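Notes for the one structure printed next.
Being a predicted model, the structure only gives us computed values, none of them experimental. In this chain, residues are counted from 1 in sequence order.
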Amino acid sequence: QVELVESGGGLVQAGGSLRLSCAASGRTFGSYAMGWFRQAPGKEREFVAVISWRGGLTYYAEPVKGRFTMSRDNAKNTVYLQMNSLKPEDTAVYYCATRYYSASSSYYSEVPNDYDYWGQGTQVTVSS
C-alpha cells in the first residue's frame, strides 16, 4: 500500500516555472517507478514523465521534453517535476502515480492502467 500526495501547483504566466512535489509513504520504492500524468477538463489523462526510484532514470513525453525535469529525493521519499517554459497547453490537473516493474520490463510506461497507486492531483494553470 502506497499513499501519494502532490503539491506545488498554482497559477503562472506563460514562460514561467513551477516545481511539483509528490510525497510517498507506506513502503519502500526499490522496485517501483514514479510517474507524472496530467488531465485537462474533458480530456484524457496524458503521460508526462516517469523516473525509476532505484536508479533515477527518466523518460519524458515529447510535448514536455526539454522543458520539464523529473528528480527524486530518496531521503524524503519524494519526487519532483520541475516545469520550465510553461505554456497554456500545459494547464491541467497533475497527478503522480507509482507502479511496480519487473527486471524483464522497462521502468517507463505511458499507460495509466499500468500504475497501481495515484495521488489526488494538483492544479496547474498557465495564463497567456
Side-chain angles (χ1 to χ4, degrees):
Q1 187 76 21
V2 177
E3 184 175 352
L4 305 174
V5 180
E6 303 100 329
S7 62
L11 173 63
V12 297
Q13 292 185 336
S17 299
L18 281 175
R19 189 195 194 196
L20 305 184
S21 300
C22 177
S25 62
R27 62 169 298 160
T28 59
F29 308 103
S31 300
Y32 281 79
M34 300 287 292
W36 286 98
F37 291 78
R38 64 189 183 184
Q39 188 168 22
K43 302 287 187 179
E44 294 184 343
R45 192 160 37 183
E46 177 187 22
F47 170 78
V48 175
V50 65
I51 190 169
S52 63
W53 185 255
R54 179 175 292 159
L57 301 175
T58 54
Y59 175 79
Y60 301 93
E62 285 297 327
V64 308
K65 193 171 297 183
R67 300 188 297 120
F68 292 8
T69 303
M70 196 170 178
S71 61
R72 76 196 196 284
D73 187 330
N74 299 73
K76 295 182 178 180
N77 291 331
T78 300
V79 296
Y80 305 95
L81 185 68
Q82 179 67 47
M83 305 185 296
N84 299 324
S85 301
L86 282 163
K87 305 174 181 179
E89 306 93 273
D90 297 318
T91 296
V93 176
Y94 282 71
Y95 299 90
C96 67
T98 187
R99 73 179 190 95
Y100 174 82
Y101 66 97
S102 66
S104 61
S105 65
S106 177
Y107 71 94
Y108 65 84
S109 173
E110 301 180 6
V111 182
N113 192 55
D114 286 346
Y115 290 79
D116 303 308
Y117 301 98
W118 293 82
Q120 83 290 343
T122 185
Q123 177 70 48
V124 172
T125 303
V126 184
S127 64
S128 59

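A distance-only check finds no donor-acceptor pair linking the side chain of Tyr100 to the backbone of Tyr115 [under 3.5 Å]. For the pair Glu6 (side chain) and Thr122 (backbone), a donor-acceptor distance under 3.5 Å is absent. Of the possible polar contacts, one joining the Ser52 side chain to the Leu57 backbone as a donor-acceptor pair under 3.5 Å is found. Judged purely by atom type and a 3.5 angstrom limit, Arg99 uses its side chain to pair as donor or acceptor with the backbone of Tyr107.
At least one side-chain heavy atom of Gln82 sits under 4.5 Å from a side-chain heavy atom of Ser17. The side-chain heavy atoms of Cys22 and Met34, taken from C-beta on, include a pair separated by under 4.5 Å. Between Arg72 and Tyr80 the shortest side-chain heavy-atom distance does not fall below 4.5 Å. Looking at heavy atoms from C-beta onward, Val2 lies out of side-chain contact with Asp116 at the 4.5 angstrom threshold. Tyr95 has its side chain out of reach of Pro112: every pair of non-hydrogen atoms, C-beta onward, lies at least 4.5 Å apart.
Linking ILVMFWY residues whenever their side-chain heavy atoms come closer than 4.5 Å, directly or via other members, places Leu81 and Val64 in the same cluster. Criterion: ILVMFWY side-chain heavy atoms under 4.5 Å apart, direct or through other members. Under it, Met70 and Tyr117 are part of a common hydrophobic cluster. The same ILVMFWY cluster, assembled from side-chain heavy atoms under 4.5 Å apart, contains both Leu20 and Ile51. Under the 4.5 Å side-chain heavy-atom criterion for ILVMFWY residues, no single connected hydrophobic cluster contains both Phe47 and Leu4. When hydrophobic clusters are built by joining Ile, Leu, Val, Met, Phe, Trp and Tyr residues whose side-chain heavy atoms come closer than 4.5 Å, directly or via intermediates, Trp118 is not grouped with Val48.
Side-chain contact check for Tyr59 and Glu110: at least one donor-acceptor pair (N or O, by modelled atom type) lies under 3.5 Å. Looking only at atom types and distance, the side chain of Thr78 has no donor-acceptor partner in the side chain of Asp73 under 3.5 Å away.
Of the inter-residue distances, the one linking Thr125 atom OG1 with Leu86 atom CG reads 10.5 Å to the nearest 0.5 angstrom. Taking CZ of Arg19 as the reference point, atom CE of Met83 lies at 11.5 Å (rounded to 0.5 Å). Between atom OG of residue Ser31 and atom CZ of residue Arg54 there is a gap of 4.5 Å, rounded to the nearest 0.5 Å. To the nearest 0.5 Å, atom OG1 of residue Thr69 and atom CG of residue Asn84 are 6.5 Å apart. With values rounded to the nearest 0.5 angstrom, Cys96 atom SG is found 15.5 Å from Arg38 atom CZ. Here the straight-line distance linking atom NZ of Lys87 with atom OG of Ser128 works out to 14.0 Å at 0.5 Å rounding.
Between Tyr101 and Tyr108, a ring centre-to-centre spacing not shorter than 6.0 Å is recorded.
Within a 6.0 Å sphere centred on NZ of Lys43, other residues, nucleotides and ligands contribute 12 heavy atoms or fewer. Counting heavy atoms of neighbouring residues, nucleotides and ligands inside a 6.0 Å radius, atom CD of Gln120 exceeds 12 of them.
Between Lys65 and Tyr60, the closest heavy-atom pair is CE-O, 3.5 Å. Across all non-hydrogen atoms, the minimal contact from Ala33 to Val50 is CB-CG2, 3.9 Å. Taking each heavy atom of Val124 and Gly9 in turn, the nearest pair found is CG2-CA, 4.2 Å. Heavy-atom minimum distance, Ser109 versus Asp114: OG-OD2, 2.5 Å. Taking all atoms of both residues into account, the shortest heavy-atom contact from Asp90 to Arg67 is OD2-NH1, 2.8 Å.
Using a 30° and 60° split on the angle between ring planes, Tyr94 and Phe68 fall in the tilted class, from 30° to 60°.
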